[in-house]
Amino acid sequence: MESRPTVSQRKETLKKLLHVLSLREDAIIQALRDDFGKPAFETVLSETFIVSSTLKSTIRNLRSWASDDWVFPSVLNFPSSDRIVKEPYGKVLVISPWNYPFQLALLPVIAAYAAGNSVILKPSELTPNTSSLISNIVSEVFDPVDVEVFQGGSDVAEKLLERRFDYIFFTGSVATGKKIAEAAARNLTPVTLELGGKNPCIVTSRANLKLSARRIVWGKFLNAGQTCIAPDFLLVEASVKSKFIAMLKAEITAAFGDAPANSPDLARIISDKHWERLVGLIDAEKVVHGGQSDRESRFIAPTLLDETDGESPVMREEIFGPILPVVGYDNESDLDAIIGRYEKPLSLYVFSDDRSESSRIMRQFPFGGGCINDVVCHFANERLPFGGVGHSGMGAYHGKRSFDTFVHKKSLTRRGTWLDIPLRYAPYENKVEFLRKWFKWL
Ligand code: NAD
């Protein structure tokens, strides 16, 4: 069996990674700017800070995460001691998307390596600057036997999937997720699938409307709406809908000015193909704010659509861009009908200062994770599992759960030899009565 780095060696390597990332922060910011105009503030907030804080907590906790968990033994096995051993799976494949190309590539790599696995990472081909920077950083920090980066598109990923891995961690679209699951099934390889979907965001008449508008505008247009947990569409109680649209407009203007194309704070769309798809979703007759776009710079203005048709293209597919349809609803059974049309989303949000109303709505619908009175921010707490359900994914990570994702929990019972109760051995004779009586007391 090949020897793997010890916990101490892994901690040292992760410290080196932390150091190298701190030296390269400007280069990371530049790579993301070159790839899709991501503002430096957003890169620090949603990419480098998340990776470095994950590294710090992994380094701090790795020894305790990796150590055996002792559990109470069963009285049936007396005398014994029982424990759970954390065994790395072996070879891990990580395939990551373009939208948060730095953190969504590195978080699973850090966890898989920390857990004692060797890792191959296939980052997105749509962010070539970030992907090649990640490749440089990985080869500077890790032994290639431990972590290696394979750059390229779906062809490279498909070739990798022909190999046998012990765990596959995939982040990306539902369509590709299904292909990953099929490929993994050939070898019964366990998978985590971090996928997407249409995330509803409900605003009731009991919400603090001004603050809700401000928080929604931030979370929707962060990364130009190219966020898996961004609110996809708004469901606003009809009695406050027009007032709320006016507030959303005011917040968009406050954030990005009257000419958002000139704002330094709005990322661009990742590719021409995505730009064309998104522009195709903007129905000019429904635009109540924004709607402008520029093909050359792959710009799309933060756009609000007053949407009434649940069958329109923008209401059928995951938007994944700076377009926000606002749909009215009259009562909670309307919410059931609208949300029930879609697969289980990755996130769901509700804005309401009425605690029983917001709790009721949140418990009514299945979804990966979400917030009351905010959007996106549940992602920031590493003590909360992050993952989807149904079509939005399977498995979850962050914090200790990331480590746990990449280890098999091996059960071990050590029996004492100083005593051997003969009850279980044949001939069973008349022991059954004794057994029944004894089991009653357990
Ligand atoms: P994608 O599925 O197109 O690509 C993701 C990765 O899979 C890329 O590295 C790509 O090269 C690779 N890939 C593409 N075709 C493949 C194939 N046939 N076999 C194997 N690998 C293949 O997704 P994307 O466009 O990069 O990302 C956007 C999607 O990801 C959205 O749906 C979004 O909701 C989702 N997403 C989910 C999360 C999450 O944490 N749940 C995070 C970010 C993005």
Side-chain angles (χ1 to χ4, degrees), residues 35-36 46-47 50 93-109 111 120-128 130-132 134-135 149-163 165 168-186 189 191-199 222-232 269-275 277-278 317-321 342-348 367-370 376 378-380 384-398 401-402 405:
D35 280 332
F36 63 109
S46 67
E47 305 267 8
I50 288 182
L93 174 63
V94 173
I95 300 179
S96 59
W98 53 264
N99 64 325
Y100 287 81
F102 188 70
Q103 59 123 324
L104 293 176
L106 284 182
L107 292 193
V109 168
I120 286 181
L121 165 68
K122 207 302 279 172
S124 176
E125 68 279 22
L126 295 182
T127 47
T130 310
S131 296
S132 66
I134 290 173
S135 178
V149 178
F150 281 62
Q151 292 189 72
S154 57
D155 50 329
V156 172
E158 280 168 13
K159 269 256 157 291
L160 285 168
L161 287 168
E162 286 169 14
R163 298 193 198 175
F165 287 91
I168 299 175
F169 189 104
F170 171 76
T171 310
S173 63
V174 175
T176 313
K178 289 181 183 176
K179 293 181 188 162
I180 303 286
E182 267 182 48
R186 286 198 287 271
T189 305
V191 286
T192 295
L193 300 176
E194 295 280 339
L195 311 176
K198 279 188 91 61
N199 305 318
L222 172 78
N223 220 36
Q226 302 166 113
T227 302
C228 55
I229 50 175
D232 186 278
I269 305 307
I270 188 67
S271 71
D272 292 347
K273 196 172 132 209
H274 286 76
W275 182 90
R277 180 185 67 81
L278 285 165
E317 60 186 82
E318 180 186 17
I319 298 171
F320 222 58
Y342 301 103
E343 296 290 346
K344 295 170 188 168
L346 185 58
S347 293
L348 187 143
F367 56 92
V376 174
H378 58 297
F379 186 92
L384 291 173
F386 182 78
V389 57
H391 278 224
S392 57
M394 58 177 80
Y397 71 133
H398 282 190
R401 276 180 195 83
S402 297
T405 294

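Both counts, for ligands and for their atoms, begin at 1 and track the order of listing. Both backbone and side-chain heavy atoms feed into the values below; hydrogens, waters and symmetry mates do not.
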Notebook entry, point to check: Do NZ/NE/NH1/NH2 and the carboxylate oxygens of Glu182 and Lys179 come within less than 4.0 Å?
Noted result: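 Looking at Lys179 together with Glu182, the answer is no, because their closest N to O distance does not fall below 4.0 Å.
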Next item on the list: Verify whether the ring centers belonging to Trp98 and Phe320 lie closer than 6.0 Å.
Entry: yes
Check: So which residues, sorted by chain and number, lie with a heavy atom under 4.0 Å of ligand 1?
Finding: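 Around ligand 1, where the cutoff is 4.0 Å for heavy atoms, the contacting residues are Ile95, Ser96, Pro97, Trp98, Asn99, Leu104, Lys122, Pro123, Ser124, Glu125, Gly153, Ser154, Ala157, Glu158, Leu161, Phe170, Thr171, Gly172, Ser173, Thr176, Lys179, Ile180, Glu194, Leu195, Gly196, Cys228, Glu318, Phe320, Leu346, Phe386.
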Check: In Å, rounded to the nearest 0.5 Å, how long is the span from CG of Leu160 to CD1 of Ile168?
Finding: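 Leu160 atom CG to Ile168 atom CD1 measures 9.5 Å (nearest 0.5 Å).
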Checklist line | Non-hydrogen side-chain atoms of Val174 and Glu343 separated by less than 4.5 Å | finding: no
Check: Leu107 versus Ser402: any side-chain heavy-atom pair under 4.5 Å?
Finding: no
Notebook entry, point to check: Got a sec, which residues hit ring-ring contact (aromatic ring centres under 6.0 Å, His included) with Phe379, two or more places apart in sequence or on another chain?
Noted result: Phe386, His398
